[in-house]
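Contents: one structure, followed by commentary.
Every heavy atom of this structure was used, including side-chain atoms; hydrogens, water molecules and symmetry mates were not.
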Amino acid sequence: MSSLADEISSRRTFAIISHPDAGKTTLTEKLLLYTGTIQSAGSVKGKASAKHAVSDWMDIEKQRGISVTSSVLQFTYDGCCVNILDTPGHQDFSEDTYRTLMAADAAVMVIDGAKGVEAQTVKLFRVCALRGIPIFTFVNKLDREIRDPFELMEEIENVLGIGTCPMMWPIGSGRNFRGVFDRAHRRVIAFEGDGRANAAKKVAEIEAELGDPALDELIGAENHRALMDDIELLDGAADEFDLAAVRSGKLSPVYFGSALTNFGVEPFLQDFLEFAPAPGPHADALTGEEVEPTDDFSGFVFKIQANMDKNHRDRIAFLRICSGRFERGMDAYHMQGGRKIKLATGTAMMADDRATVDEAYAGDIVGLFDPGIFSIGDTLCAPKKRVQFAGIPTFAPEHFARVTQVDTMKRKQFVKGMEELAQEGAIQIFRELGAGMESVIVGVVGELQFDVLEQRLKSEYHVGVRRQPLGYTDIRWIANEPGEVDVAKLNLTRDTLRVEDMRGGKLLLFTSPWNVDWAIEHNPELKLSEFGNVEF
């Protein structure tokens, strides 16, 4: 039987991040395909068949060909147990991505070879950089024409501020794509296209020295000469591989390939599993001491998802195990709830498919049935050795709308739907002081979240709603102690709205920064917070 330390050291938990359409979900599918987890891959935007990406399970994801919620996928490969957190690429769902990155030990950054570093990539990279986690770069879409690889390396370094070390180097691209050169093993991996977009065929790996005449025939004389020049330049000028720098987030190993045609995926996976770190310690917010992965059981909730099983209308809390071993039926202590609970069932995820988990270890992600007691950021730990991890901050909404139910006879379903979807963290809901739940104000980070909200209310709760956009741009939490200020009597501009969240916390919505300044200037006793960590 494997020891606890052996089980934990075999874990690799990482998130895949990218700008929309860079090929993130396609790469995820091909990793699963190569490891035998799935038998055939569904193109994310496949129009010729009814298949969709395994990690995209919501109706809106299948219809639009985008990922709008993080998925958790687990597989084993070459002695490693791998947990992939497939994140939304769309910027409107960056908050879900941020929370997911809190549960990852490393990140794979997918870059479109033709477009380079895009806006959302920059935003997500900065979240990774704040945590100092290792970042591995996969330059995708070599089956199409890409930008000059040296320009791409320079852009990554200049825009993201991280060193790069090309582990693979492309030989041509688009119609002239012939493969990649593996710098570490000094071998050419030749590309063999079979004309099918979702090829499952393994590619040929040809070991040959640069300058060998056989390479002229394999990749073309002109490509061979260009490759020799490029490798000579890289060997003399590029950053050398330094595992310590990689694991501290200061150097990113760079790989080239085509996820759509499967090329370059397996060599990348093999290197990643070798270089990516196993689960490490997490800080106990109560004592400041490190909680080692081999300590007693502990973990934190980083995501809540309602209605993954449409037949049972359940809620699943995703728990990142930080230390020890999870066992089905074990007792645990819920720090925020202040009580002992029994973890009767744990589930492993493959998008919306699930399997019962009898045991799991630090680094793993398990889904716990949530009867409504968990919030994002909650800590679970062994009853006798209590620890608490830092909470996960909530983003301030940037867009607001008044949402009202169409059918007043469905008030119960409307209230339940709004509350449960708010508990997932994708939306925040407020109501005017003294008002009920017939009409609520919804705040979101990105406008596409409104579309997802309406569709999920309709499909999961059978409730139609009307949405009225509101012109508020700034939100501030009232940070005074309860009773310190009378919110109703504050001196505010006419278009400033007084609201409360679902826990009774008081907030103000403003239509401009000028109105914020007015509130501060005319209410000296008022304390406002821009980053109030609001949890449902």
Are the charged groups of [X] and [Y] less than 4.0 angstrom apart, N to O?
X	Y	value
Asp284	Arg386	no
Arg325	Glu7	no
Arg186	Asp235	yes

Would the distance check show the side chain of [X] and the main-chain N or O of [Y] forming a donor-acceptor pair, the cut-off being under 3.5 Å?
X	Y	value
His282	Glu292	no
Thr13	Gly363	yes
Glu155	Gly116	no
Arg131	Ala104	yes
Asp229	Ala226	no
Asn140	Ala259	yes
Asp364	Tyr361	yes
Asp148	Glu151	yes
Ser248	Ala244	yes
Gln336	Thr379	yes

- [ ] With the side chain counted from C-beta on, respond yes when Phe14 and Asp105 share a heavy-atom pair under 4.5 Å apart, and no when they do not.
- [x] no
Taking the six-membered ring for Trp, are Phe268 and Phe136 parallel (under 30°), tilted (30 to 60°) or perpendicular (over 60°)?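 Answer is perpendicular, since the angle exceeds 60°.
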Mutual orientation of the aromatic rings belonging to Phe297 and Phe326 [parallel < 30°, tilted 30-60°, perpendicular > 60°]: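 Tilted.
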Candidate pair Val246 and Phe241, rule side chain to side chain contact (heavy atoms under 4.5 Å, CB included), full reasoning | CA-CA 8 Å; Val246 171; Phe241 179 77; 3.8 Å; yes
Any idea which heavy atoms bring [X] and [Y] closest together, and the distance?
X	Y	result
Ala278	Ser9	CB-O, 3.7 Å
Pro170	Leu142	CB-CD2, 3.3 Å
Leu234	Pro166	CD2-CG, 4.0 Å
Lys30	Leu260	NZ-O, 2.7 Å

I'd like to know whether [atom1] of [X] has more than 12 heavy-atom contacts from other residues, nucleotides or ligands below 6.0 angstrom.
X	atom1	value
Glu290	CD	yes
Glu222	CD	no
Glu232	CD	no
Arg247	CZ	yes

Candidate pair Phe450 and His399, rule side chain to side chain contact (heavy atoms under 4.5 Å, CB included), full reasoning: CA-CA 9 Å; Phe450 285 130; His399 307 277; 4.0 Å; yes
Pair Phe138 and Tyr255, ring centroids less than 6.0 Å apart
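So the answer is no for these two rings.
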